[in-house]
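To start, the structure itself, in structure tokens.
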4 protein chains.
Amino acid sequence: MPKLGMEPIRREALVKATITEIGRAGSLDVTVSQIARRAGMSAALAHHYFGGKTQIFLAAMRHTLGVYGAEVRGALAMAQGPRARTEAIVRAGFTSSNFRRDVVAAWLNFYVLAQSDDQARRLLSVYQRRLHSNLVFNLRPLVGSRANEVAVRIAGLIDGLYLREALGRDIPSGDAATGQVLTALEQDLKQTERDPRP
Amino acid sequence: MPKLGMEPIRREALVKATITEIGRAGSLDVTVSQIARRAGMSAALAHHYFGGKTQIFLAAMRHTLGVYGAEVRGALAMAQGPRARTEAIVRAGFTSSNFRRDVVAAWLNFYVLAQSDDQARRLLSVYQRRLHSNLVFNLRPLVGSRANEVAVRIAGLIDGLYLREALGRDIPSGDAATGQVLTALEQDLKQTERDPRP
Amino acid sequence: MPKLGMEPIRREALVKATITEIGRAGSLDVTVSQIARRAGMSAALAHHYFGGKTQIFLAAMRHTLGVYGAEVRGALAMAQGPRARTEAIVRAGFTSSNFRRDVVAAWLNFYVLAQSDDQARRLLSVYQRRLHSNLVFNLRPLVGSRANEVAVRIAGLIDGLYLREALGRDIPSGDAATGQVLTALEQDLKQTERDPRP
Amino acid sequence: MPKLGMEPIRREALVKATITEIGRAGSLDVTVSQIARRAGMSAALAHHYFGGKTQIFLAAMRHTLGVYGAEVRGALAMAQGPRARTEAIVRAGFTSSNFRRDVVAAWLNFYVLAQSDDQARRLLSVYQRRLHSNLVFNLRPLVGSRANEVAVRIAGLIDGLYLREALGRDIPSGDAATGQVLTALEQDLKQTERDPRP
DNA sequence: AATGAATGAGGATTCATTCAT
DNA sequence: GATGAATGAATCCTCATTCAT
């Protein structure tokens with residue numbers, strides 16, 4: 001009994017299973033069989049849908065980036081004014097849907113993959129550029145010509161806290177991380193108050 | 001052609017070759033043969049000296065951490081006063097011997113390895129704790145009770161900039177990264193001036 | 001060419017090939033590839049079905065013991081009275097399906113394997129205990145309290161003749177071996193006649 | 001300081017170490033390094049003295065057979081008359097120097113080796129023939145034309161009891177084994193009394 | 001006499017991928 | 001649409017053996 005319209009369901013199941021398995025293994029050393037099993041299908045079917053292991057990883061990556069992007073857009077839509085919007089961007093990064101142990105592990109591994117796989121690198125670049133311009137756009141009214149520099153600092157700090165979290169044994173605390181970044185942000189704002197450079 | 005006392009020579013060659021190969025591959029998916037070939041010996045000999053692939057990686061890791069630690073100690077020895085010492089710690093992280101493309105790639109992969117390998121995790125913990133307490137010790141006179149929080153921020157930012165550099169296409173610029181961290185540090189110091197909390 | 005339900009077919013082919021190859025080599029120094037090739041498949045498939053080399057050997061062992069056990073049961077079913085049954089047990093051990101050169105070699109190697117592998121040891125123990133109790137049960141009416149001792153002697157002699165056969169160059173003669181054991185048995189019976197010990 | 005006259009000492013140490021290691025492993029899967037280490041020298045030296053792994057095994061085998069042969073000859077020298085001499089041969093096989101766990105394991109493995117190695121086979125043949133003719137020679141006055149057949153039975157039983165002992169968990173009991181064989185022998189003698197066939 | 005150094009050959013095992021059904 | 005069957009290629013690791021010192 002061939003089932004119709006299974007494709008999107010299967011794909012989604014595989015993407016989720018991929019994130020889960022990468023999280024469990026803590027690395028990309030995960031077999032297609034493991035992923036497929038967790039997704040409730042045969043390895044052959046996984047291949048059928050995605051064409052290969054790398055494609056599966058990339059799809060999982062796109063999914064993760066997509067979720068993250070949606071979260072950012074959602075937060076931006078609610079916020080009023082540049083400061084609130086900048087803070088919203090920061091907060092979105094540490095939401096409970098993004099700052100989960102397995103997702104963090106996936107991110108870390110995607111960074112690794114991006115070093116050898118061009119598609120992955122491009123994907124990450126897109127994310128990084130988008131984050132950067134989002135930050136710069138909203139920081140400009142707040143810190144003027146410092147916007148670029150501050151954006152790099154904020155983004156760097158976000159990544160760094162992610163990285164640290166990947167290793168800690170305790171459940172990731174989004175609040176603490178958010179607090180760290182917002183404090184850094186606030187000091188950049190104060191610095192501008194003291195020494196404005198339009 | 002001396003035939004005795006080769007062990008340390010071989011070990012060192014293997015450690016270097018490991019860093020290089022990880023740098024080239026951008027991942028831990030490097031065969032023992034590749035490493036051994038680059039180090040100018042057979043894979044069997046590499047196994048003979050290290051006992052296994054993981055041990056080779058860990059030795060390379062220890063070496064990298066060792067170099068880093070030496071650099072930090074050296075910098076600390078030259079610096080006078082807490083502020084200079086704190087800056088020295090930061091600068092040491094972005095020295096040209098640490099902030100090389102392949103070394104950064106190695107670090108990134110060690111983070112990954114630490115998620116699944118206990119020895120690697122322990123090694124990283126040691127490094128992180130040492131960095132943290134170094135920072136806290138020198139920050140105390142500067143920012144008082146904020147020392148811990150500031151140390152986390154500084155360390156996080158350092159890691160984040162490392163991470164970003166791993167992906168960039170251009171040669172890593174230690175100066176830019178150092179500048180970023182020192183700016184963040186300076187703002188934390190000013191904040192304390194404004195609002196001292198002994 | 002049916003493509004489903006291959007598993008039992010493959011397993012059986014592998015088990016047979018294992019016996020054959022052990023027979024040819026005269027030892028367990030047989031590669032999985034050799035076995036797989038003889039069974040008409042790739043080494044990978046052999047692993048797929050059995051999980052590892054030891055498992056393949058154990059399966060072959062179980063098969064051999066199974067055949068032997070079936071033969072004994074078959075012979076017992078035909079025989080009437082304790083003496084006939086005891087003789088049947090002896091004869092079953094030297095049947096042409098059990099007393100083949102390669103099977104004898106397999107036995108010998110299983111003894112060796114049993115010294116280091118626990119599963120193998122357990123398997124052999126089961127066989128030995130079964131043989132022993134079969135003998136004792138049927139010997140009791142014939143030799144009374146000597147049953148245990150006689151059973152040990154009979155079983156020992158069977159094993160010894162197997163061992164000797166493993167080395168001889170000529171085709172194993174089940175008849176000669178059977179004769180030897182039956183003679184020993186008969187003398188034990190006569191001894192009981194002369195000196196009954198209920 | 002080159003030591004003189006070390007050769008015999010080294011060889012003996014290696015032979016003993018070989019028996020010990022085979023006993024520990026329960027198989028011939030013993031590396032030359034293991035043997036050499038136990039014998040207190042380098043693997044290279046072991047090769048130097050024996051030429052190769054097989055040669056080391058064969059030397060150990062010759063040694064074992066030699067000890068056994070000496071024991072038999074010693075026992076024969078003490079015994080008076082054919083019956084005592086026959087019993088002496090049997091007893092020699094289960095002496096505490098021959099019926100040790102590791103020696104039994106070695107024997108078993110030599111049987112295995114003899115299936116693939118010609119030198120080993122020849123060595124075993126020599127032992128078997130010698131044992132056989134020793135038995136026949138002394139049995140002739142006792143059982144007349146049955147001598148050959150009885151010798152096969154006795155020798156088979158000895159081998160079988162060895163084999164059984166190789167697997168048992170308890171310390172080998174030479175007495176019990178000797179008893180078994182002597183009982184069989186006695187019954188053969190009685191049989192001849194009843195039905196003499198000169 | 002003795003050994004550390006060194007390697008080639010080989011073997012178990014894993015896995016992504018393909019294919020026939 | 002879905003999967004069991006099947007394999008080639010790769011990789012880690014072991015080990016007997018050789019050689020220079």
Side-chain angles (χ1 to χ4, degrees), chain A residues 1-7 9-10 29-37 40-56, chain B residues 1-7 9-10 29-37 40-56, chain C residues 1-7 9-10 29-37 40-56, chain D residues 1-7 9-10 29-37 40-56:
Chain A
M1 233 191 302
K3 291 170 186 169
L4 292 179
M6 290 303 287
E7 177 151 355
I9 297 174
R10 296 296 198 186
D29 284 334
V30 166
T31 71
V32 174
S33 294
Q34 279 169 39
I35 294 172
R37 195 179 316 128
M41 72 195 80
S42 71
L45 193 53
H47 267 270
H48 175 67
Y49 278 129
F50 283 99
K53 192 182 181 177
T54 308
Q55 309 306 318
I56 298 178
Chain B
M1 233 192 295
K3 270 293 172 181
L4 276 178
M6 292 304 289
E7 177 152 354
I9 299 172
R10 296 300 198 184
D29 284 334
V30 167
T31 71
V32 174
S33 293
Q34 280 168 39
I35 294 173
R37 195 177 315 128
M41 73 194 79
S42 71
L45 193 55
H47 270 101
H48 174 68
Y49 280 128
F50 282 99
K53 191 181 179 178
T54 309
Q55 307 305 318
I56 298 178
Chain C
M1 230 191 298
K3 271 293 174 180
L4 276 177
M6 292 303 290
E7 178 153 355
I9 299 172
R10 295 302 197 182
D29 283 333
V30 167
T31 71
V32 175
S33 293
Q34 280 168 39
I35 296 174
R37 194 177 316 126
M41 72 195 81
S42 71
L45 193 55
H47 269 100
H48 175 66
Y49 280 126
F50 282 98
K53 192 180 180 177
T54 308
Q55 308 305 316
I56 298 179
Chain D
M1 237 189 303
K3 294 169 186 170
L4 291 179
M6 291 301 287
E7 177 151 355
I9 299 173
R10 297 297 200 185
D29 284 334
V30 167
T31 72
V32 174
S33 293
Q34 278 168 40
I35 295 172
R37 195 179 314 129
M41 72 195 79
S42 71
L45 193 54
H47 267 270
H48 175 66
Y49 278 127
F50 283 98
K53 192 181 181 177
T54 308
Q55 307 307 316
I56 298 178

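A, B, ... follow the sequence lines: proteins, then strands. Residue 1 opens every chain.
Residues from residues 41-50 of chain B that place a heavy atom under 4.0 Å from any atom of DNA chain E, listed by number: B:Met41, B:Ser42, B:Ala44, B:Leu45, B:Tyr49.
Nearest heavy-atom pair, B:Gln34 versus B:Thr31, reported as atom, atom and distance to 0.1 Å: N-OG1, 3.0 Å. Between B:Ala43 and B:Ser33, the closest heavy-atom pair is CB-OG, 3.9 Å.
Here the NZ-CD1 distance, from D:Lys53 to D:Ile56, works out to 9.0 Å after rounding to the nearest 0.5 Å. To the nearest 0.5 Å, atoms CZ (B:Arg10) and CD (B:Glu7) are separated by 11.0 Å. One distance of note links CE of C:Met41 with CD1 of C:Ile9; it measures 10.0 Å at 0.5 Å rounding. Annotation: the span from B:Ile35 atom CD1 to B:Arg37 atom CZ amounts to 11.0 Å, rounded to 0.5 Å.
Between D:Thr54 and B:Thr31, the residue anchored closer to the 5' end of DNA chain F is B:Thr31, taking for each the nucleotide with the nearest heavy atom. Between A:Gln34 and B:Glu7, the residue whose closest nucleotide on DNA chain E is further toward the 5' end is B:Glu7.
Distances were taken from every side-chain heavy atom of A:Lys53 (C-beta onward) to each of E:dG11, E:dA16, F:dC12; the shortest belongs to E:dA16. Residue B:Arg10 places its side chain closer to E:dA6 than to any other of E:dA6, E:dC15, F:dA2.
Atom pair A:Ile56:CD1 and E:dC15:C1' shows a separation of 13 Å (rounding to whole Å applied). Straight-line distance from the CG atom of B:Asp29 to the P atom of E:dT14: 17 Å, rounded to whole Å. The nearest whole Å value for the distance from the CE atom in D:Met6 to the C1' atom in E:dA2 is 10 Å. The CZ atom of A:Arg37 sits 13 Å away from the P atom of E:dT14 (whole-angstrom rounding).
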Quiz item: Which dot-bracket notation, 5' to 3', represents the base pairing of DNA chain E when pairs are defined as Watson-Crick or G-U with both distances under 3.5 Å, crossing pairs as [ ], and inter-strand pairs as |?
Solution: .||||||||||||||||||||
